[in-house]
Amino acid sequence: MTPVWTFVAWLATLAFFAPVAWMVLTSFHQEADAATNPPSLLAPFTLDQYELLLGRDITPFLLNSAMASVISTLLVLALSIPAAYALSIKPVEKWTDVMFFFLSTKFLPVIAALLPVYLIVKDAGMLDNVWTLIILYTAMNLPIAVWMMRSFLAEVPKEILEAAEVDGAGLPTVLLRIVGPVAVPGIAATALICFIFSWNEFLFAVNLTATKASTAPVFLVGFITNEGLFLARLCAAATLVSLPVLIAGWAAQDKLVRGLSLGAVK
């Protein structure tokens with residue numbers, strides 16, 4: 001059955017990759033060719049959409065997304081690793097109740113919290129500020145990171161930690177020089193997932209920003225206008241916006257695979 005399952009896996013991979021490939025191909029077509037029904041795969045290729053896109057100055061939107069995603073991911077890791085350490089390697093009393101509390105913070109739909117968050121941010125004078133997004137993204141991703149890091153840190157051999165304590169290592173030394181190197185794959189997987197969630201977030205970005213702090217997903221909405229849908233240009237913009245996540249995933253693919261499989265087999 002191995003060849004059959006291999007064939008099925010390839011079919012599933014192609015099915016998931018087909019929309020991405022279609023988006024990239026459409027980005028190299030003219031608007032007239034992209035709007036044909038059925039679309040023409042043999043239409044002439046052009047870079048006009050990318051030239052027009054760069055003329056609209058996408059750089060500030062990408063920088064805002066990068067700043068919000070990177071800083072919030074670093075904050076999430078700085079907070080989730082000690083918390084996961086306390087819940088796995090040095091478990092606190094009634095740790096299951098603590099984990100349930102973290103999980104319960106994800107029960108509320110984001111749209112239900114939008115109005116209170118907007119009023120609080122407005123009263124604080126933090127509208128159209130990238131640091132508002134950083135705080136929100138950190139709060140949104142922290143429960144997921146704690147759950148993931150706890151499962152990763154639970155696999156760290158206790159003997160190594162006991163030996164470090166016997167040698168007089170303190171908590172910062174244990175985290176930085178012992179737990180950190182052993183849990184690098186898990187940390188990489190957690191960081192990448194938090195980065196993707198922050199990069200793709202749209203609801204808070206579109207409602208809490210205007211001109212100074214707008215992110216890349218908000219930039220994409222600008223191609224849906226009353227004049228119609230600029231499909232080719234939208235595909236070009238979506239391709240550029242997707243590149244940072246693809247590059248990050250490709251660069252960390254070995255650690256990502258090991259991290260996602262860490263703790264899967266008990």
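Below, each value reflects all heavy atoms present in this structure, side chains not excepted, and no hydrogens, waters or symmetry copies. Heads up: numbering here begins at 1 and tracks the sequence.
The cluster map of Ile, Leu, Val, Met, Phe, Trp and Tyr, joined by side-chain heavy atoms under 4.5 Å apart, puts Ile71 and Ile144 in different clusters. Transitive grouping of hydrophobic side chains (ILVMFWY, heavy atoms separated by less than 4.5 Å) keeps Leu62 and Ile134 in distinct clusters. Following chains of ILVMFWY side-chain contacts shorter than 4.5 Å, one cannot reach Tyr137 starting from Met148, and the two form parts of different hydrophobic clusters. In the hydrophobic clustering of this structure, Ile193 does not group with Phe16; members are Ile, Leu, Val, Met, Phe, Trp, Tyr whose side-chain heavy atoms approach within less than 4.5 Å, directly or through other members. Both Leu208 and Ile111 are assigned to one and the same hydrophobic cluster, defined by single-linkage of ILVMFWY side chains at heavy-atom distances under 4.5 Å.
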Exercise. Determine, stepwise, if the pair Asn141 / Ser198 fulfils side-chain hydrogen bond (donor to acceptor under 3.5 Å, both in side chains).
Key: CA-CA 8 Å; Asn141 292 327; Ser198 299; 2.9 Å; yes
Exercise. Kindly indicate, with the supporting measurements, whether the criterion side chain to side chain contact (heavy atoms under 4.5 Å, CB included) is fulfilled by Leu53 and Phe219.
Key: CA-CA 11 Å; Leu53 181 63; Phe219 177 79; 3.4 Å; yes
Practice problem: Dump the intermediate steps for side chain to side chain contact (heavy atoms under 4.5 Å, CB included) on Thr239 and Met23, then the final yes or no. | Solution: CA-CA 7 Å; Thr239 301; Met23 176 186 70; 3.8 Å; yes
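Panel note: side chain Trp199, backbone Val241; a donor-acceptor pair is recorded below 3.5 Å. Gln30 contributes no side-chain N or O that, together with a main-chain N or O of Thr46, makes up a donor-acceptor pair within less than 3.5 Å. With hydrogens and angles ignored, the 3.5 Å screen pairs no side-chain donor or acceptor of Thr215 with any backbone N or O of Asn64. At least one donor-acceptor pair closer than 3.5 Å links the side chain of Arg150 to the backbone N or O of Leu87.
No side-chain heavy atom of Thr132 sits under 4.5 Å from any side-chain heavy atom of Leu127. Counting only heavy atoms from C-beta outward, the side chains of Arg233 and Leu52 approach each other to under 4.5 Å. A heavy-atom distance below 4.5 Å is found between the side chains of Pro217 and Ser65. The shortest distance between side-chain heavy atoms of Phe204 and Val110 falls below 4.5 Å.
With values rounded to the nearest 0.5 angstrom, Met126 atom CE is found 9.0 Å from Leu136 atom CG. Considering CD1 of Ile58 and CG of Leu220, their distance stands at 7.0 Å, rounded to 0.5 Å. A distance of 12.0 Å separates CE of Met140 from CG of Leu142, quoted to the nearest 0.5 Å. Taking OH of Tyr50 as the start and CZ of Phe28 as the end, the distance is 4.0 Å to the nearest 0.5 Å. Atom CD1 in Ile81 sits 4.5 Å away from atom CE in Met149 (nearest 0.5 Å). Here Cys235 contributes atom SG and Gln49 contributes atom CD; the two are 9.5 Å apart, rounded to the nearest 0.5 Å.
The heavy-atom pair separating Leu108 from Ala112 by the smallest distance is CD1-CB, 3.8 Å. Residues Ala68 and Ser72 share a closest heavy-atom pair of O-OG, 2.6 Å. Thr26 approaches Ala34 most closely through the heavy-atom pair CG2-CB, 3.7 Å. Summarising the geometry of Leu153 relative to Tyr85, their closest heavy-atom pair is CD1-N, 3.5 Å, with the distance given to 0.1 Å. Residues Asp128 and Ala213 approach most closely at OD1-N, 2.9 Å, considering heavy atoms.
Sequence neighbours left out, not one pair with a member in residues 99-116 passes side chain to side chain donor-acceptor pair (under 3.5 Å).
Ring geometry for Phe100 versus Phe107: interplanar angle over 60°, hence perpendicular rather than tilted (30 to 60°).
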For a quick test of your reading: what N or O donor-acceptor pairs under 3.5 Å do the side chains of residues 73-80 make, sequence neighbours left out?
from  : atom 1 : to    : atom 2 : distance (Å)
Thr73 : OG1    : Ser69 : O      : 2.6
Ser80 : OG     : Val76 : O      : 2.8

